[in-house]
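Throughout, numbering of the chain's residues begins at 1 and tracks the sequence.
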Amino acid sequence: QVQLVESGGGLVQPGGSLRLSCAASGTAFSIATVGWYRQAPGKQREMVAIMSSGSNANYADSVKGRFTISRDNSENTVNLQMNSLKPEDTAIYYCYLFSKQNFRTYWGQGTQVTVSS
């Protein structure tokens with residue numbers, strides 16, 4: 001079974017930083033496209049950052065220059081370093097993986113990020 005488990009969410013003040021991690025199992029991680037999405041209350045889920053198997057990264061305009069996605073193929077993890085956090089970054093963050101083996105998309109359970117004073 002393919003599993004994605006997020007960690008690292010929490011409460012942080014505006015301007016602070018958090019690092020999210022996602023551990024993947026049950027799939028060929030190194031050839032998969034991975035990333036992070038988020039969903040705020042009353043809003044649609046939106047792409048935050050995507051990274052290809054070749055480590056090409058794409059970011060939402062709202063997070064460019066503040067967030068950095070990375071992957072460690074030796075540990076089957078994808079990370080999101082979030083700096084200069086703003087209240088509008090408050091959302092549930094979901095780990096994403098697109099499998100090149102079966103062409104299916106997988107999602108983690110989500111981790112809450114709250115940016116507030």
Checklist entry - Distance-only, no hydrogens or angles: does the Glu6 side chain make a donor-acceptor pair with backbone N or O of Gln109 under 3.5 Å? => result yes
Item to check | Minimum heavy-atom distance Ala57-Ile69, with the two atoms named | outcome: CB-CG2, 3.8 Å
Checklist outcome for this item: In terms of heavy-atom contacts, Thr90 and Ala40 come closest through O-CB, 3.6 Å
Checklist entry - Can Ile92 be reached from Met47 by stepping across I, L, V, M, F, W or Y side chains whose heavy atoms are under 4.5 Å apart? => result yes
Checklist entry - Relative to each other, are the rings of Tyr37 and Tyr96 parallel, tilted or perpendicular (30° and 60° limits)? => result tilted
Next on the checklist: For the OG1 atom of Thr68 and the CE atom of Met51, what is their distance to the nearest 0.5 Å?
Outcome noted: 9.0 Å
Checklist entry - Which is it for Phe29 and Asn73 under the side chain to side chain contact (heavy atoms under 4.5 Å, CB included) test, yes or no, and what are the steps along the way? => result CA-CA 7 Å; Phe29 182 85; Asn73 290 338; 3.2 Å; yes
Next on the checklist: Rounded at 0.5 Å granularity, tell me how far OG in Ser117 sits from CG in Leu11.
Outcome noted: 9.5 Å
Checklist entry - Yes or no on side chain to side chain contact (heavy atoms under 4.5 Å, CB included) for Glu46 and Arg38, after CA distance, side-chain angles and deciding distance? => result CA-CA 6 Å; Glu46 65 175 349; Arg38 68 186 182 187; 2.7 Å; yes
Checklist entry - Distance-only, no hydrogens or angles: does the Lys100 side chain make a donor-acceptor pair with backbone N or O of Ala32 under 3.5 Å? => result no
Checklist entry - Less than 4.5 Å apart, any side-chain heavy atom of Arg45 and any of Trp107? => result yes
Next on the checklist: In this structure, would Val2 and Val78 fall into the same cluster of hydrophobic residues linked by side-chain contacts under 4.5 Å?
Outcome noted: yes
Distance-only donor-acceptor hits, side chain of residues 17-25, under 3.5 Å, sequence neighbours excluded:
| from | atom 1 | to | atom 2 | distance (Å) |
| --- | --- | --- | --- | --- |
| Ser17 | OG | Asn83 | OD1 | 2.9 |
| Arg19 | NH1 | Gln81 | OE1 | 3.4 |
| Ser21 | OG | Asn79 | OD1 | 2.9 |

Checklist entry - After noting the C-alpha distance and the side-chain angles of Phe103 and Phe98, does the key distance pass the side chain to side chain contact (heavy atoms under 4.5 Å, CB included) rule? => result CA-CA 7 Å; Phe103 303 99; Phe98 177 74; 3.9 Å; yes
Item to check | Pairing residues for Tyr93 by the ring pair (Phe, Tyr, Trp, His ring centres under 6.0 Å) criterion, not counting sequence neighbours | outcome: none
Next on the checklist: Around atom CD of Gln44, are there more than 12 heavy atoms from other residues, nucleotides or ligands closer than 6.0 Å?
Outcome noted: no
Checklist entry - What is the distance from atom CD of Gln101 to atom OG1 of Thr27, rounded to the nearest 0.5 Å? => result 4.5 Å
Next on the checklist: Counting the benzene-type ring for Trp, do Tyr94 and Trp36 have ring centres under 6.0 Å apart?
Outcome noted: no
Next on the checklist: Tell me which pairs pass salt bridge (Lys or Arg N to Asp or Glu O under 4.0 Å) where either residue lies in residues 66-81, with sequence neighbours left out.
Outcome noted: Arg66-Asp89
Next on the checklist: Please tell me whether Met82 and Val12 are part of a single hydrophobic cluster in this structure, the criterion being side-chain heavy atoms less than 4.5 Å apart.
Outcome noted: yes
Checklist entry - Does some side-chain heavy atom of Pro87 sit less than 4.5 Å from a side-chain heavy atom of Ser116? => result no
Item to check | Leu80 side chain reached by Val48 side chain, heavy atoms, under 4.5 Å | outcome: yes
